[in-house]
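Here is the structure we will look at, set down as structure tokens.
Both ligands and their constituent atoms are indexed starting at 1 by order of listing. Values reported hereafter were calculated over all heavy atoms of this structure, with side chains retained and with hydrogens, waters and symmetry mates removed. For this chain, numbers begin at 1 and follow the sequence in order. Quick caveat, the model's predicted, so the values are computed rather than measured.
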Amino acid sequence: MKILDAEFVKGFIRLCDDGFRQNWHERNGGNLSYRIKPSEVEEIKEELTKEKPWQPIGTAVKGLAGEYFMVTGSGKYFRNVILDPKANTCIIEIDETGEQYRICWGLVNGGRPTSELPSHLMNHEVKKEATDGRHRVIYHAHPTNIIALTFVLPLEDKVFTRKLWEMATECPVVFPSGIGVVGWMVPGGRDIAVATSELMKKYDAAIWAHHGLFASGEDFDLTFGLMHTVEKSAEILVKVLSIRPDKLQTITAENFRDLAVDFKVALPEEFLYEK
Ligand code: 13P
Ligand code: ZN
């Protein structure tokens with residue numbers, strides 16, 4: 001099968017275009033990675049080259065040894081992915097030590113995988129383990145409202161979780177484990193990758209203060225849907241705070257407990273404190 005005909009490649013490209021249309025990807029902002037299934041690697045293996053050199057990842061992901069990923073390129077624009085996927089994305093293989101990668105397809109005009117490769121791969125490693133291999137997508141975007149909130153709310157998991165849950169009834173059903181927050185850090189390296197992947201042991205989404213959001217999910221729909229839900233909720237919160245910060249009414253801790261019963265989700269009590 002031709003790589004561009006593979007369903008996962010179509011899903012990858014569609015997410016990039018959808019994200020750009022949401023205004024989450026100014027310039028080269030944001031990046032996306034997908035852990036390719038062995039059966040999918042088998043279908044496209046004719047087009048994969050083993051000739052490119054191994055390169056250091058910048059961290060160790062032993063749990064991903066031998067895995068293949070589709071990843072956006074560093075400095076590449078999400079708006080261009082749909083026009084020329086071969087120039088703006090790549091497929092990489094991880095070596096047996098989990099410390100190196102090589103490009104097997106794509107980035108035909110040169111370049112390298114996203115500068116956030118350490119964060120993507122460390123998140124994948126944590127999520128693969130935590131979900132028995134079900135999570136395959138890690139998505140980083142720069143959604144406006146979530147970023148705006150990181151200037152005015154305390155940078156605490158419990159504050160962001162409770163406030164975002166409160167803005168839309170179905171939020172706790174979409175991200176019942178809550179949302180983590182990483183204080184401002186230099187992006188693109190191992191340190192921010194370690195901090196983010198630590199939070200991903202507990203949550204499916206992690207905010208980077210004054211920068212953006214990372215989301216993890218089983219497939220492109222669920223991962224895009226999570227990003228979309230969190231940002232929509234943040235938009236409502238920005239509007240509420242702008243209209244009148246003293247709400248007249250809201251969803252209470254007791255309301256959340258009732259919701260949890262009917263929707264059969266476990267909502268941690270740490271986020272249901274009375275205010
Ligand atoms: P890349 O172009 O290297 O993917 O970086 C974009 C970005 O959002 C960094 O956090
Ligand atoms: Zn970014």
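Between Lys76 and ligand 1, no N or O atom pair is found at a separation short of 3.5 Å. The shortest N or O to N or O distance between Gly30 and ligand 1 is below 3.5 Å.
Annotation for ligand 1: atoms under 4.0 Å from non-hydrogen atoms of Glu116 are 9 (C), 10 (O). Listed by number with element, the atoms of ligand 1 under 4.0 angstrom from any heavy atom of His142 are 8 (O). When each atom of ligand 1 is checked for a heavy atom of Ser74 under 4.0 Å away, the hits are 1 (P), 2 (O), 3 (O). The ligand atoms of ligand 1 that sit less than 4.0 angstrom from a heavy atom of Gly75 are 1 (P), 2 (O), 3 (O). Taking every heavy atom of Thr114 and a limit of under 4.0 angstrom, the matching atoms of ligand 1 come to 1 (P), 3 (O), 4 (O). Shown in contact with His140 at under 4.0 Å from a heavy atom are these atoms of ligand 1, numbered in order with element: 8 (O), 10 (O). Those atoms of ligand 1 that come under 4.0 Å of a heavy atom in His211, given as number and element, are 10 (O).
Ion pairing between a basic and an acidic side chain is recognised when a charged N comes within 4.0 Å of a carboxylate O; Lys62 and Glu99 show no such pairing. Remark: Lys128 engages Glu67 in a salt bridge, criterion side-chain N to carboxylate O under 4.0 Å. With respect to the salt-bridge test (charged N to carboxylate O, under 4.0 angstrom), the residues Arg102 and Glu93 qualify. Comment: Lys10 engages Glu7 in a salt bridge, judged by a side-chain N to carboxylate O separation of less than 4.0 angstrom. Salt bridge status for Arg257 with Glu254: present, with a side-chain N to carboxylate O gap under 4.0 Å.
Summary: NE2 is the N/O/S atom of His140 found nearest to the Zn ion (ligand 2). Atom NE2 is the N/O/S atom of His211 found closest to the Zn ion (ligand 2).
If you check which protein heavy atom lies closest to atom 7 (C) of ligand 1, you get Asn31 ND2, 3.4 Å. Considering only non-hydrogen protein atoms, atom 5 (O) of ligand 1 sits nearest to Ser115 OG, 3.4 Å.
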Passes side-chain hydrogen bond (donor to acceptor under 3.5 Å, both in side chains), His211 versus His140? Steps please. CA-CA 10 Å; His211 183 144; His140 168 57; 3.2 Å; yes
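Among residue pairs with one or both ends in residues 205-225, those qualifying as salt bridge (Lys or Arg N to Asp or Glu O under 4.0 Å) are Arg134-Glu218; sequence neighbours excluded.
The cationic atom of Lys37 (NZ for Lys, CZ for Arg) does not lie both less than 6.0 Å from the six-membered ring centre of Phe8 and within 45° of the ring axis.
Classification of the Phe214-Trp208 ring pair by plane angle, with boundaries at 30° and 60°, yields tilted.
Residue-level proximity to ligand 1 for Asn28 is carried by backbone and side chain together, each with a heavy atom below 4.0 angstrom.
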